[in-house]
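To start, the structure under review is shown below, and the notes come after it.
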There are 2 protein chains.
Amino acid sequence: MQATIGTGATGWEADDRNRSIGELAEEFGLTHRTIRHYEDEGLLSPTRDGQTRVYSHRDRARLVLICRGKRLGFSLAEIKEFLNLYDTGDAQIEQMRYAQSLARQRIEALERQLQDVQQTLEELRHFDIQISEHLRRNGTTETQPMEEKLS
Amino acid sequence: MQATIGTGATGWEADDRNRSIGELAEEFGLTHRTIRHYEDEGLLSPTRDGQTRVYSHRDRARLVLICRGKRLGFSLAEIKEFLNLYDTGDAQIEQMRYAQSLARQRIEALERQLQDVQQTLEELRHFDIQISEHLRRNGTTETQPMEEKLS
DNA sequence: CCCTTGGTTGACGTTTACGTAAAGGTAAGG
DNA sequence: CCTTACCTTTACGTAAACGTCAACCAAGGG
């Protein structure tokens, strides 16, 4: 009922086959509606076989970025701007400078976000440990603090 | 026109004074409307002086968490659930277990998010460097890649 | 030939997170 | 007393990101 979930981070099992909307939907856990919505918003532009949408490897790659952007709390508009950075291709010097400045803004935003995530994680892990200790002191010993994940 | 912006991460300049909605709004860069909205949604519960809202140190602390949660892309409902973890206080064992399980879910979500942020940062920095090199090769030498930030 | 599966385009509905008036209370200052 | 600044509530508006029909086409199987 479910094939190669998520972003397909599993090594390099990404075959280059073109995909239908349904395949993409299942692979990414999205609805058809959602994928078409991304197209309406200009985030995807699949080719057509007659009337049917055909998603290339590149479309799929963009969808990976879209999903990650979403998980990071970016709006579709922001994600679009972001995607446009990547297919600037061999643009004019001025355009590349502009793209670079946008990229740097993005980088700074993400660095802030990284701080936020790390700080929140720290607090939550502390919280987790507190509870575990509290529970241990009060008899009922069944839970131990989460194992640390070394970055 | 602007005092102690952001979360006030500046050491320990957080004085314990009670605040009006206007002060809080300016400090956090929010509107009155927004802060009242958070109250409507049960994220804040300031006391009253007559009809006027009075925000304690604790309310302010919660607002810090709310803002961070927002930056991390959580919904108000999620943030509320999150906040409730913290003021579980000396609850019953069962409630603490529950809070802990929620906290752990949060931790896992944030660990995933951490991965996302790091990966995106990596890609963007790579992108930045690519552009810089391209620009360098094509004469116009004015920009150098962003300095690396050691985590 | 009909049915199922999977695709299509509208078009209106919904939730979240506020914005934006409208209409007013209250206390300080000139 | 009037203005100004700051607060209040009520209530409708809105943008984003889809959900949810409805009505349709097309290819293949029994």
Side-chain angles (χ1 to χ4, degrees), chain A residues 1-3 17-56 59-60 62-84 109 116, chain B residues 1-3 17-56 59-60 62-84 109 116:
Chain A
M1 250 336 170
Q2 184 172 240
R17 212 183 59 248
N18 283 339
R19 282 153 167 83
S20 70
I21 195 170
E23 291 170 319
L24 231 58
E26 195 181 2
E27 178 176 358
F28 287 87
L30 304 171
T31 66
H32 298 197
R33 175 68 178 90
T34 298
I35 294 179
R36 287 194 206 100
H37 182 59
Y38 294 160
E39 184 176 348
D40 290 343
E41 300 296 317
L43 302 189
L44 292 174
S45 37
T47 56
R48 299 284 180 132
D49 172 18
Q51 184 177 231
T52 305
R53 273 164 258 249
V54 175
Y55 296 88
S56 69
D59 292 315
R60 189 182 164 283
R62 289 173 76 93
L63 198 44
V64 169
L65 295 180
I66 293 172
C67 290
R68 199 160 64 208
K70 291 240 64 185
R71 289 197 300 273
L72 297 183
F74 290 103
S75 71
L76 293 188
E78 290 171 312
I79 293 171
K80 178 179 181 180
E81 194 184 56
F82 175 91
L83 285 172
N84 289 339
D116 284 339
Chain B
M1 251 339 169
Q2 185 173 238
R17 209 182 63 249
N18 283 340
R19 283 152 166 83
S20 70
I21 195 171
E23 290 170 320
L24 230 57
E26 194 182 3
E27 178 176 359
F28 287 86
L30 304 171
T31 66
H32 298 195
R33 175 67 178 90
T34 298
I35 294 178
R36 280 193 282 262
H37 181 60
Y38 293 160
E39 184 176 347
D40 289 343
E41 300 296 317
L43 303 188
L44 291 174
S45 36
T47 56
R48 299 285 180 130
D49 173 17
Q51 184 178 230
T52 305
R53 275 165 256 252
V54 175
Y55 297 88
S56 69
D59 292 314
R60 189 181 165 284
R62 290 173 75 93
L63 198 43
V64 169
L65 295 180
I66 293 171
C67 290
R68 199 159 63 208
K70 292 239 61 187
R71 288 196 302 272
L72 297 183
F74 290 103
S75 71
L76 293 188
E78 290 172 311
I79 293 171
K80 178 179 180 179
E81 194 183 56
F82 175 90
L83 285 171
N84 289 338
D116 284 340

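Numbers restart at 1 for each chain; the letters A, B, ... are given by sequence-line order, proteins then strands. Just so it is clear, the values below take in all heavy atoms, side chains as well, and ignore hydrogens, waters and symmetry mates.
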Expressed in angstrom and rounded to an integer, what is the separation of [X] atom [atom1] from [N] atom [atom2]?
X: A:Leu30; N: D:dT20; atom1: CG; atom2: P; result: 15 Å
X: A:Ile35; N: C:dG6; atom1: CD1; atom2: P; result: 15 Å
X: A:Leu24; N: C:dG7; atom1: CG; atom2: C1'; result: 14 Å
X: A:Arg33; N: C:dC12; atom1: CZ; atom2: C1'; result: 11 Å
X: B:Arg71; N: C:dA17; atom1: CZ; atom2: P; result: 16 Å
X: A:Glu23; N: C:dG7; atom1: CD; atom2: C1'; result: 12 Å
X: B:His32; N: C:dT20; atom1: NE2; atom2: P; result: 14 Å
X: A:His37; N: C:dG10; atom1: NE2; atom2: P; result: 16 Å

Taking only the side-chain heavy atoms of B:Ser75 (C-beta and beyond), determine which of C:dA17, D:dT8, D:dG19 contains the nearest atom.
->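 Of C:dA17, D:dT8, D:dG19, C:dA17 is nearest to the side chain of B:Ser75.
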Candidate nucleotides D:dA17, C:dC18, C:dT8, ranked by approach to the side chain of A:Leu76 - the nearest =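 Comparing D:dA17, C:dC18, C:dT8 against the side chain of A:Leu76, the answer is D:dA17.
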Go through the steps to decide whether B:Asn18 and B:Thr47 satisfy the test side-chain contact (heavy atoms from CB on, under 4.5 Å), and finish with yes or no.
-> CA-CA 10 Å; B:Asn18 283 340; B:Thr47 56; over 6 Å; no
For DNA chain D, whose closest nucleotide is more 5', that of A:Glu41 or that of B:Thr52?
->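 The residue closer to the strand's 5' end, by nearest nucleotide, is B:Thr52.
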May I ask you to verify if any side-chain N or O of [X] is less than 4.0 angstrom from the OP1 or OP2 atom of [N]?
X: B:Thr34; N: C:dG19; result: yes
X: B:Thr31; N: C:dC18; result: no
X: A:Lys70; N: D:dA17; result: no

Atom [atom1] in [X], atom [atom2] in [Y]: separation rounded to 0.5 Å?
X: A:Lys70; Y: A:Thr34; atom1: NZ; atom2: OG1; value: 8.5 Å
X: B:Leu24; Y: B:Leu30; atom1: CG; atom2: CG; value: 8.0 Å
X: A:Ile66; Y: A:Phe28; atom1: CD1; atom2: CZ; value: 9.0 Å

Side chain proximity check, B:Tyr55 to B:Arg62, heavy atoms < 4.5 angstrom =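 Contact flag for B:Tyr55/B:Arg62 side chains = no.
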So what does A:Tyr38 touch, heavy atoms closer than 4.0 Å: a base, only the sugar-phosphate, or nothing?
->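 Counting heavy atoms under 4.0 Å across all strands, the contact made by A:Tyr38 is with sugar-phosphate only.
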Taking for each residue the nucleotide of DNA chain C with the nearest heavy atom, is it B:Ala77 or A:Gln51 whose nucleotide lies nearer the 5' end?
->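 On the 5' side of the pair lies A:Gln51.
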